Amino acid sequence: MKDPQTYIDSGVLELFVYGTLPEEEMVEVAHIVAQNPVLLQEVVSIENSLLKLASAAAPAQVADFSNLRKYIDVDGKVIPLSRKRTPIPTIILWAAAILLLAGVGYLYTENSKLENQLVDTERELLLQESKTQVAESDLQQTKDILNVIRQQDLIAVPLGAQAVAPEAYASVYWDQENGKAYIDVKGLPEPPEGKVYQVWSLTLEPLTPTSLGILDQYDVTGNQIFELDNPNQSEAFGITLEPAGGSESPTLEQLYTLGVVTS
């Protein structure tokens, strides 16, 4: 027989205790163990370790290794077993391991879902907060402009539609004293891509246009009142549609609205 320690290191004794060896090998190992006290003590130690593990994994189902004794009698004789035993400790340990892995996998999956939900919620809250801040800023700006244009000393100039856009309209509120003009373009259609509205101050004799600026932030769903500087002695106002960046002189074929100062 091999050296007992070499035999122990081979792992055969664990398979013997588990009951997973073929019956012929079970008988052979039992015969060897019965003749060697060191191997017999190792078998007992393996049994005790598995009993502790099985008890910890499933306390209500403690395995019984007593049938292993059927292979070994007190006189060291081999007694064959009539049927192969069911390796209860192996089943318990594998079941416990599978349940543990399944539980870890479930918790990992749920934790990942929760983290994703938290990220989505945080992103949505930040987006909503940003929208709220922008809305509050726009609202305050609109309130400030409305408070200005409600002043009695402003000159209100309605701008009527022209041939190129029969449904268009706009208004200019001119603060002549402070050199400001507030342009309400709610009645203008959204400009085509690559185009902007440009506001002009006009003197009539002779007809002289002066650009007050372009409305490059025009948005039909957003701010529709613009504040522009107007230090001119305006006699009329007009709005034309121009290429992005504006033009040095108005494109009269694209004159959308026009209004004369009457007071």
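Just the heavy atoms: all of them, side chains too, but no hydrogens, waters or symmetry mates, feed the values below. None of these values were measured; they are calculated from a predicted model.
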Working to the nearest 0.5 angstrom, can you tell me the gap between [X] [atom1] and [Y] [atom2]?
X      : Y      : atom1 : atom2 : result
Glu177 : Ile155 : CD    : CD1   : 11.0 Å
Ile46  : Ile8   : CD1   : CD1   : 8.0 Å
Asn232 : Thr203 : CG    : OG1   : 8.5 Å
Tyr256 : Leu188 : OH    : CG    : 8.5 Å

Hydrophobic cluster membership, [X] vs [Y], 4.5 Å side-chain cutoff:
X      : Y      : result
Tyr197 : Leu258 : no
Leu15  : Met26  : yes
Leu228 : Val196 : no
Ile183 : Val157 : yes

Do the side chains of Asn230 and Trp174 get nearer than 4.5 Å, heavy atoms only?
-> yes

Asp184 pairs by side chain to side chain contact (heavy atoms under 4.5 Å, CB included) with which of Phe226, Tyr173, Tyr169?
->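 Of Phe226, Tyr173, Tyr169, side chain to side chain contact (heavy atoms under 4.5 Å, CB included) with Asp184 is met by Tyr173 alone.
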
Determine yes or no for a side-chain-to-main-chain donor-acceptor pair under 3.5 angstrom, with Ser234 supplying the side chain and Ala236 the backbone.
-> no

For the pair Asn36 (side chain) and Val38 (backbone), establish whether a donor and an acceptor sit closer than 3.5 Å, ignoring hydrogens and angles.
->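 Yes, because the side chain of Asn36 sits within donor-acceptor range (under 3.5 Å) of the backbone of Val38.
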
Can you list every salt bridge (Lys or Arg N to Asp or Glu O under 4.0 Å) pair that touches residues 191-206, not counting sequence neighbours?
-> none

Return each pair, listed once, that meets salt bridge (Lys or Arg N to Asp or Glu O under 4.0 Å) where at least one residue sits in residues 228-239; pairs must be two or more places apart or across chains.
-> Lys180-Asp229

Distance-minimising heavy-atom pair for [X] and [Y]:
X      : Y      : answer
Leu212 : Ser201 : CD2-CB, 3.8 Å
Val172 : Ala181 : CG1-CB, 4.3 Å
Ala161 : Ala168 : CB-O, 2.9 Å

Donor-acceptor contacts under 3.5 Å from residues 239-255 side chains, at least two apart:
from: Thr240; atom 1: OG1; to: Trp200; atom 2: NE1; distance (Å): 2.8
from: Thr240; atom 1: OG1; to: Glu242; atom 2: OE2; distance (Å): 2.7
from: Glu242; atom 1: OE1; to: Ser247; atom 2: OG; distance (Å): 2.7
from: Glu242; atom 1: OE1; to: Thr251; atom 2: OG1; distance (Å): 2.7
from: Glu242; atom 1: OE2; to: Thr251; atom 2: N; distance (Å): 2.7
from: Glu242; atom 1: OE2; to: Thr251; atom 2: OG1; distance (Å): 3.3

Given side chain to side chain contact (heavy atoms under 4.5 Å, CB included), test Val261 with Phe237 step by step and report yes or no.
-> CA-CA 8 Å; Val261 178; Phe237 294 95; 3.7 Å; yes

